[in-house]
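Sequential numbering from 1 along the given sequence is applied to the chain's residues. In what follows, every heavy atom counts, from backbone to side chain, and hydrogens, waters and symmetry copies are set aside. In this text the structure is predicted, and so the values were computed from the model without any measurement.
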Amino acid sequence: MATRIITAVAVVLVAVLLWRSVYVVEEGEIALRTRVGQIEGSPNGPGLHFKSPFDDVHIFDRRILSRAYPGEPFQTHDQKAVNVDFYIKWRLIDALRFYQSTGGDENAAALQLADSVRDRLKSAVAAQSLASVNAQARGTLSEAAFEQLQQAAESLGLDLIDVQLQRIELTDDVATAVYQRMQQGLIAKAAQLRATGAAEAEKVRADAERKRADVLATATRQAQHLRGEADAQAAAALSKAYGRNPDFAAFYRSMQAYKNTLGREGDILVIAPEGEFFKYLHSASGR
């Protein structure tokens with residue numbers, strides 16, 4: 001019985017030792033062995049590996065990783081307080097340095113990297129206007145500043161691949177002030193357009209009135225000229241006709257006078273019938 005127990009314990013110990021002596025690294029990962037906090041050997045890539053049962057294995061992701069940092073408060077050169085969302089991308093390039101600088105803690109490495117990026121972005125945004133910051137994906141972060149960030153990432157065993165601004169949003173107070181200024185600007189522009197339109201309308205009306213007066217004056221002048229010519233022609237015709245037969249002309253004028261003065265309802269004439277006016281009523285010859 002005791003032999004069986006000892007054998008079973010031995011088998012278990014061997015199994016544990018074998019389990020503690022073998023480890024597998026997946027594709028896209030890299031492993032680092034430590035013993036009592038001290039690094040043992042060199043990093044291992046994908047595959048099956050053996051180690052001492054007393055070694056600890058730290059496996060790190062070598063793929064491209066990213067972290068987003070929303071709502072970071074920045075201030076632009078034109079004194080606009082904005083909330084900025086940005087993200088960073090990096091990958092592991094030196095597992096040994098990464099472990100020595102961060103203890104292999106991915107979150108600690110991301111925090112240090114984000115602090116460096118945040119400081120650089122704040123300086124870059126503070127030197128530019130809001131319009132300039134909006135126009136560039138890296139928020140006016142210069143190439144020199146980005147290279148410095150890459151150097152800081154290399155000290156952590158990382159390769160900084162990219163830094164991008166995802167969203168730039170005005171704070172509530174600034175947004176309200178901006179909208180009010182926009183509204184005031186639009187109101188002023190509308191008033192200016194109305195004033196310009198009124199001035200143009202008045203100019204058009206004055207021009208139309210002037211043209212109307214010119215047309216009426218020209219028409220009146222032409223009408224008077226034509227009327228004068230017609231009257232002259234009529235007078236000439238009458239004079240010529242009267243010259244040919246003065247008696248008939250006198251008779252015709254009297255008939256026209258009778259027509260225009262006699263026989264209209266309501267008219268009362270006080271005149272002597274023996275006068276010159278009525279001579280043709282007494283005799284056809286006017287005598």
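Between P70 and D85 the shortest heavy-atom distance is CA-OD1, 3.2 Å.
The one candidate from R205, K203, R210 that meets the side chain to side chain donor-acceptor pair (under 3.5 Å) condition with D207 is R210.
Follow the hydrophobic side-chain contacts under 4.5 Å out from L121 and you never reach Y87; the two are in separate clusters. Under the 4.5 Å side-chain heavy-atom criterion for ILVMFWY residues, no single connected hydrophobic cluster contains both L160 and L111.
Side-chain contact check for L65 versus K89: every heavy-atom pair is 4.5 Å or farther apart. The shortest distance between side-chain heavy atoms of R62 and P46 falls below 4.5 Å. In this structure the side chain of L156 reaches within 4.5 angstrom of the side chain of T102, judged on heavy atoms. In this structure, the side chains of I93 and L158 stay at 4.5 Å or more apart for every pair of heavy atoms. For the pair W90 and R67, the minimum side-chain heavy-atom distance is below 4.5 Å. Two residues are said to be in side-chain contact when any heavy atoms from C-beta on lie closer than 4.5 Å; F86 and Q166 fail this criterion. Within the 4.5 Å cutoff, no side-chain heavy atoms of D61 are placed close to those of L92.
Between atom OG of residue S116 and atom CG of residue L149 there is a gap of 6.5 Å, rounded to the nearest 0.5 Å. Separating the CG atom in D162 from the CD1 atom in I88 is a distance of 10.5 Å, to the nearest 0.5 Å. From D105, atom CG reaches atom CD of Q112 across 9.5 Å, with rounding to the nearest 0.5 Å. In this structure, the separation between NZ on K211 and CD on E209 is 12.5 Å, given to the nearest 0.5 Å. Between the CG atom in L216 and the CG atom in D214 there is a gap of 9.0 Å [rounded to 0.5 Å]. In this structure, NE2 in H225 is found 14.5 Å from OG1 in T220, a value given to the nearest 0.5 Å.
Checking side-chain atoms of E29 against main-chain N and O of E26 turns up a donor-acceptor pair under 3.5 Å. When atom types are taken as modelled, the side chain of S155 and the backbone of A152 share a donor-acceptor pair closer than 3.5 angstrom.
Look at R118 and D115 and you find a salt bridge, because one of the NZ, NE, NH1 or NH2 atoms lies within 4.0 Å of a carboxylate O, short of that distance.
A perpendicular orientation is assigned to the rings of F60 and F98, their planes being inclined by more than 60° (bins at 30° and 60°).
The salt bridge (Lys or Arg N to Asp or Glu O under 4.0 Å) pairs that include a residue from residues 90-103 are R91-D159, D94-R97, where partners are two or more places apart or lie in different chains.
The number of heavy atoms from other shown groups lying within 6.0 Å of CD (E229) is above 12.
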Report the C-alpha distance between I64 and I161 in whole Å, list the side-chain angles of each, state the deciding distance to 0.1 Å, and finish with yes or no for side chain to side chain contact (heavy atoms under 4.5 Å, CB included). CA-CA 8 Å; I64 295 176; I161 297 174; 3.6 Å; yes

